[in-house]
Amino acid sequence: MCSIVLITGPPGVGKTTLVHKIWSKLREKNVTSRGFYTEEVRGENGQRIGFDVVTLAGKRGILSRENPADHTKRPQVGKYSVYVQDFEALALPLLIPKAPGSDGELLIIDEVGKMELFSKRFESAVRDLLQQKTPLVITIPQKGSLPLVEQLKKCPGAILRNVTKANREALVKEITDLIEKSLIVTK
């Protein structure tokens, strides 16, 4: 049985902010976490020009850019070119399961979406995690049908929470409590 909290909601509702708040609360309680989140990158004029992937330890890499300076042909999502190799170099080492018998820790993945799923290695690593007892917090897109996202939703024990502006503060405590209980069960 997998132990997953899935967080969804419309773009801009605060999924990544919610993940940050959950992570912060759990750090206060000495819960060990690893993983990554995505962050908008804005240009000089304040317009969004892409996204970076940032590890919980603070390492940063490019996930996508609107007009890559190197003009290398990359997969596209809308107007953004996806830097699959850069993403894999930063994200994949975080998804390696810990050794059996080691203490439980939370794995945060923000997000499993179209850009990230251009990496078949990432998709495979997430599928492998479903066979482990590692507690997971994963943000997913609200719209569209991606096979891995559908698999995550159907995983036994998966809990799906839809973030709205009205409930996002209350979800911090609710999800933090769920994760703490999950970590006790998996130890």
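Computed from a prediction, not measured in an experiment: that's the story for all the values here. The chain is numbered in sequence order, starting from 1.
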With side chains defined as the heavy atoms from C-beta onward, is the minimum distance between Pro141 and Leu146 less than 4.5 Å?
yes
Residue pair Ile7 / Ile22, side-chain heavy-atom distance below 4.5 Å
yes
Please tell me if the side chains of Leu152 and Leu160 come closer than 4.5 Å, counting only heavy atoms from C-beta onward.
no
So does Glu105 get a backbone contact from the side chain of Arg34, meaning a donor-acceptor N/O pair under 3.5 Å?
no
Whether Phe122 and Phe87 hold their rings parallel, tilted or perpendicular, with breakpoints at 30° and 60°
perpendicular
Do Ser24 side-chain atoms and His20 backbone N/O form a donor-acceptor pair below 3.5 Å?
no
Working note: Leu129 + Ile109, criterion side-chain contact (heavy atoms from CB on, under 4.5 Å); need CA distance, chi angles, decisive distance, verdict.
CA-CA 11 Å; Leu129 286 169; Ile109 302 173; 4.2 Å; yes
Using side-chain heavy atoms (C-beta onward) and a distance below 4.5 Å, is Gln142 in contact with Val163?
no
Contact between Phe51 and Val41 at the side-chain level, heavy atoms closer than 4.5 Å - yes or no?
no
List the residues meeting salt bridge (charged side-chain N to carboxylate O under 4.0 Å, His left out) with Lys153, not counting sequence neighbours, and say none if there are none.
Glu150
Can Glu111 and Lys15 be counted as an ion pair, charged N to O under 4.0 angstrom?
no
When you measure from the side chain of Glu116 to the backbone of Gly113, do you find a donor-acceptor pair of N or O atoms at a distance under 3.5 Å?
yes
Rounded to the nearest 0.5 angstrom, the CD1-CD1 distance for Ile179 and Ile4 is 12.0 Å
Is Ile49 reachable from Tyr80 through a run of I, L, V, M, F, W or Y residues, each pair having side-chain heavy atoms under 4.5 Å apart?
no
Quick check against the 3.5 Å criterion: does Asn167 have a side-chain atom that pairs as donor or acceptor with the backbone of Asn162?
yes
Close side-chain approach of Val77 to Phe118, heavy-atom, < 4.5 Å
yes
Can you name the nearest heavy-atom pair linking Ser64 to Tyr83, along with the distance?
CA-CD1, 4.0 Å
What's the separation between atom OG in Ser81 and atom CG in Leu63, rounded to the nearest 0.5 Å?
11.0 Å
Do other residues, nucleotides or ligands put more than 12 heavy atoms under 6.0 Å from the NZ atom of Lys120?
yes
Which heavy atom of Arg42 sits nearest to which heavy atom of Arg48, and what is that distance?
NH1-N, 3.3 Å
Note: Lys181-Asp177 ion pair, threshold 4.0 Å (strictly below):
no
Hey, does Lys25 have a side-chain heavy atom less than 4.5 Å from the side chain of Val172?
yes
Is it true that atom CD of Gln85 has more than 12 heavy atoms of other residues, nucleotides or ligands lying nearer than 6.0 Å?
no
Among Ile108, Leu6, Val5, Leu148, which residue satisfies the side-chain contact (heavy atoms from CB on, under 4.5 Å) criterion with Ile138?
Leu6
Evaluate the criterion side-chain contact (heavy atoms from CB on, under 4.5 Å) for residue pair Leu90 and Lys59; output intermediate values, then yes/no.
CA-CA 8 Å; Leu90 206 58; Lys59 291 176 74 176; 3.9 Å; yes
What distance separates Arg161 CZ from Thr139 OG1, expressed to the nearest 0.5 Å?
15.5 Å
Taking only Lys NZ, Arg NE, NH1 and NH2, and the carboxylate oxygens of Asp or Glu, determine whether Arg65 and Asp52 approach each other closer than 4.0 Å.
yes
Co-membership, hydrophobic cluster, residues Val31 and Leu18, 4.5 Å side-chain:
yes
When rounded to the nearest 0.5 angstrom, what distance separates CD1 in Ile62 from CZ in Arg74?
7.5 Å
Rounded to the nearest 0.5 Å, how far does CG of Leu136 lie from CG of Leu95?
9.0 Å
Just by modelled atom types, is the Val84 backbone N or O under 3.5 Å from a matching donor or acceptor in the Ser119 side chain?
no
Measure from the side-chain N and O atoms of Asn45 to the backbone N and O of Gln47, and report whether any donor-acceptor pair falls under 3.5 Å.
yes
Just verifying a value: how many Å separate Thr17 OG1 and Tyr37 OH, rounded to the nearest 0.5 Å?
10.5 Å
Might you work through the side-chain contact (heavy atoms from CB on, under 4.5 Å) test for Lys21 and Leu171, ending with a clear yes or no?
CA-CA 10 Å; Lys21 289 180 177 183; Leu171 283 176; over 6 Å; no
So does Pro135 get a backbone contact from the side chain of Ser3, meaning a donor-acceptor N/O pair under 3.5 Å?
no
Any heavy-atom pair between the side chains of Phe36 and Leu94 that's under 4.5 Å?
yes
